[in-house]
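Worth knowing before you read on, the calculation uses all heavy atoms, side chains too, and leaves out hydrogens, waters and symmetry mates. Counting starts at 1 for both ligands and their atoms, following the listed order.
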Amino acid sequence: MTTQLIGEPVERREDARLLTGRARFIDDIHLPEMLHAAVLRSPHAKARFTRIDASAALALPGVHAVITHEDLGSANAPMPLLNEDPGFIYPRTHQALAPGQVRFVGEAVALVVADSRYLAEDALDLIEVDYVPEPAAVDLAAAAQPGAPLVHDDTESNVACRTADNTGDIESAFAAADFVLREELRPERGAAQPMETRGVVARYDASLEQLTIWDTTQAPVSARGVIADKLGMAEAAVTVIAPDVGGGFGVKIYLVYPEEVLVPFAARMLDRPVKWIEDRREHFIGSNHERLMVHRIEVAATKDGRILGIKDHFLYDSGAYCPYGPINAQCAQAILPGPYKIPAVHSTYEAVYTNTPTVSPYRGAGQPHGNFVTETAMNHVACALGLDAAEIRRRNLVRPEDCPWDSGRIFQGNTPFIHRDSDYPAQLAKALDALDYEGVKRSQPAEREQGIFRGAGIAFFVEGTGISPYEGVEVRVEPTGHVHVTTGYPSQGQGHHTTLAQVVAETLAVAPEQVVVESGRSDRFAWGVGTFASRSAVVGGSAALGAAKAVRARALDLASDELEVAPEDLVLEDGAVHVKGAPQMAVTLGALAYAANPINTLTSGAEPGLRAADYYRSPDGAIASGVHGAVVVVDVATGMVEIETYVVVHDCGVMINPTIVEGQILGGTAQGIGGAFYEKLRFDDDGQPLVTTFMDYLIPTAMEIPSIEIHHMESRCSLNPLGVKGVGEGGAIPAAAAFAGAVEDALEPFGATVRAVPLDPPAILALIEGRAES
Ligand code: MCN
């Protein structure tokens, strides 16, 4: 029997190890003779220095090296720019160690290597740097102004990039409008904060001239290329391994952080293994941030609520460097029209350097921002026109009969944003029903008289997933009958090994337990890009399917020779090829793999083994979509919010594993709620971070996250052979808009208008008291 596995809630094979403490994270790696590193970080947001005096640190017994920019030579060349943008004016990337000028508090200035981390930290205190502080550009809007202190002195302005994306006739749209909404909307700065901080262990084998790096990266194959280049080594001499990684959420795909060059550099220099583990404070200041944007949006509408056009000009805080390109701004811009048929959308972003940590994607990569803007503006237009928030959405949605509907927008990876394979009106109906939206609305007048302020909010989302470039997967049957699956993209908790095994096991008709999956080691699979942008199910899953199908075809060919029966008369079941109607005439996959390596008779040019690799790229990606709905009760005396009901209607196409999909939705939604209600990074006017611990950065725990009701709508994606759309970020994208909409609805008697998230209790009290900034 061929067992169906795709679509089944197969238990995650990763969990037994993870839940019983047998996983191996970077800090679990202990190598003989290993030394420990600590990073000296800038205490200033902007300063120059000419001298680093490390003599006292080096004199400390147990200190092996203090590495500064002068020691690095060509290893300190600027890091690569990962994404181009047509509007770039001043692309600037970071260097491993600041060469005489620092641009944010936390920037790496020197690396100390010592017998222990304690000693290394002590040595940091003994290093003297003759910093001369300079005025810093911290506030986003101020930094964008002419005359602001420059983050990069060789530029004439902090505007790194200015890019427009214009679709449709905007002048006619606004000329025909009965009503124009104008306002400023602001999603604030946050950060991913994975449970495991970053870390690197490196070992140089001088006899083999081989460098091995264990790295909490989301992209080991890509990281290998950059590290080899920086260290002047052949890629073949460098292996990057991403072992168990305790969450990435985008922050671990920087390509590459300073420590990913510095620690291998030190290991090779000292010929001793070196470990560096980021502590939480370092993570707050030395790892990337996300989210802050200021959107000035104008929405043209008819009086019956048809949206005719959107103009949006927004500032995007890039932080001190822009190594990832302004990707978050690109994504925010691409998804501005959401799932709506908006004839004209003109938007321009300005990516602005500030003297704050670099900004790169965090779950959703700009999509939560763009989504918050559009969905919040929808609420405000509805309110101004006296329409219901659900009704205005219903009137503007792209309908199945309109599809394929080209929004005209271009998403990350140069992917056209074309709506297809989804039913937005059905999603809305499902969400409203699950939320009892009408019931909440009906009971509001009586409740308000009793001082109960309950509100309902809904927010659509569309999620660009499965983007280019490619991923590859190799499938190899062993003579033991086991199937070995390898790929270059690693998992940070997404359960890739389980879902890859499902796809391959079903295609080859073997038990999933027979499938051994390895990922995230550049020495096992040398090609690929990385885990980000909710792409692995589409790109990696399809490659796995392609490779497994090729192996199946080869197995049938080999069995045809072995059994002397035509391939069309054969069938693959239970790990063996049978003759149709004569199951006793069979040969196992293991036996075929053995026979496929005829040691004595293999001819030149023939390829041994029962194996295949496939590489898959999806030029149009896949658009996942859905609706979040929240019912909240606001305590108007304290500003506290209780989320009574939280509903997610979600369409990620065929679900390879519904349990994993649910986990992804829950995790994403929890992070979205964090950004909506709790989490905000703040700096003082000099660029000193005011939030560097979990005492100040309030990540919601399981206690704060409400129970989340999930409804799946499984519309097969027509663009890839598995029929899947990604799911990794969808939960995080609309949560802020749904939460904000619900709070605004609850506070309607106070005339509250939400224009920024997070909406923490002080912000909610300000709304109630009419003190919120407009
Ligand atoms: N899946 C499925 N059926 C689908 C779609 C996906 O069963 N129709 C499964 C996939 O096989 C995979 C998981 O769901 O096991 C997520 O798939 P996908 O949406 O393709 O996302 P990626 O695997 O590319 O992971 C990246 C995505 C992103 S961009 C962030 S950020 C994020 C996320 O995944 N970071 C995570 N989820 C995370 N989950 C954990 N635990 N840790 C992170 O760091």
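- The shortest heavy-atom distance from Thr465 to ligand 1 is not under 4.0 Å.
- Comparing heavy-atom distances from atom 33 (C) of ligand 1 across Met655, Glu14, Gln664, Gln502 singles out Gln664 as nearest.
- Scanning all heavy atoms of the two residues, the minimum distance from Tyr257 to Val251 falls at OH-O, 2.7 Å.
- Of the listed residues (Ile227, Asp523, Val226), just one forms a side chain to side chain contact (heavy atoms under 4.5 Å, CB included) with Val240, and that residue is Ile227.
- Nearest to atom 20 (O) of ligand 1 among the protein's heavy atoms is Ala537 N, 2.8 Å.
- Counting heavy atoms under 4.0 Å from ligand 1, residue Phe532 touches it through the backbone alone.
- In this structure, Arg521 fails the cation-pi test against Phe525, since its NZ or CZ atom is not both closer than 6.0 Å to the six-membered ring centre and inside 45 degrees of the ring normal.
- Ring geometry for Tyr349 against Phe314 counts as tilted: the plane angle lies between 30° and 60°, on a 0 to 90° scale.
- Summary of contacts: the protein heavy atom closest to atom 44 (O) of ligand 1 is Gly248 N, 2.6 Å.
- Scanning all heavy atoms of the two residues, the minimum distance from Val551 to Val475 falls at CG2-O, 3.5 Å.
- The distance criterion of under 3.5 Å between nitrogen or oxygen atoms is not met by Ile660 with respect to ligand 1.
- Closest to atom 7 (O) of ligand 1, if we only count protein heavy atoms, is Asn657 N, 3.0 Å.
- Note that Arg280 lies outside the cation-pi zone of Phe694, set by a 6.0 Å cut-off to the ring centre and a 45° limit from the axis.
- Remark: Glu729 does not engage Arg363 in a salt bridge, criterion side-chain N to carboxylate O under 4.0 Å.
- Under the 4.0 angstrom criterion for non-hydrogen atoms, Cys652 is in contact with ligand 1.
- Residue Val727 touches ligand 1 through backbone and side chain together, judged by heavy-atom distances below 4.0 Å.
- Looking at Val654 next to ligand 1, an N or O pair under 3.5 Å apart turns up.
- Contacts of Ser491 with ligand 1, taken as heavy-atom pairs under 4.0 Å, are absent altogether.
- A salt bridge does not link Glu679 with Arg189: none of the charged nitrogens is closer than 4.0 Å to a carboxylate oxygen.
- Without hydrogens or angle criteria, Thr487 side chain to Val473 main chain gives no donor-acceptor distance under 3.5 Å.
- Closest to atom 17 (O) of ligand 1 among all protein heavy atoms lies Ser536 OG, 4.0 Å.
- For the pair Glu188 and Arg186, the salt-bridge criterion is met [side-chain N within less than 4.0 Å of a carboxylate O].
- Of all atoms in ligand 1, numbered sequentially from 1 with element shown, those under 4.0 Å from a heavy atom of Gly247 are 44 (O).
- Ring geometry, Phe677 versus Phe739: the interplanar angle falls from 30° to 60°, so the pair is classed tilted.
- The distance from ligand 1 to the heavy atoms of Gly726 drops below 4.0 Å at these ligand atoms: 19 (O).
- Using cut-offs of 30° and 60° on the angle between ring planes, the pair His650 and Phe461 is tilted.
- Contact annotation for Glu729 and ligand 1: only side-chain heavy atoms (C-beta onward) come within less than 4.0 Å of the ligand.
- In terms of protein heavy atoms, atom 25 (O) of ligand 1 is closest to Gln494 NE2, 3.3 Å.
- Here atom 29 (S) of ligand 1 lies nearest to Ala533 when heavy atoms of Ala622, Ala533, Gly495, Pro194 are compared.
- Ser534 CA, 3.4 Å is the protein heavy atom nearest to atom 21 (O) of ligand 1.
- Close N/O approach between Gly493 and ligand 1 is found [any backbone or side-chain N/O within under 3.5 Å].
- For atom 11 (O) of ligand 1, the closest non-hydrogen atom on the protein side is Thr499 OG1, 2.9 Å.
- Close contacts of ligand 1 with Lys725, meaning ligand atoms under 4.0 Å from a residue heavy atom, involve 4 (C), 5 (C), 8 (N).
- Interatomic distance, Asp215 CG to Ser522 OG, rounded to the nearest 0.5 Å: 10.5 Å.
- Nearest non-hydrogen protein atom to atom 3 (N) of ligand 1 is Ile656 N, 3.0 Å.
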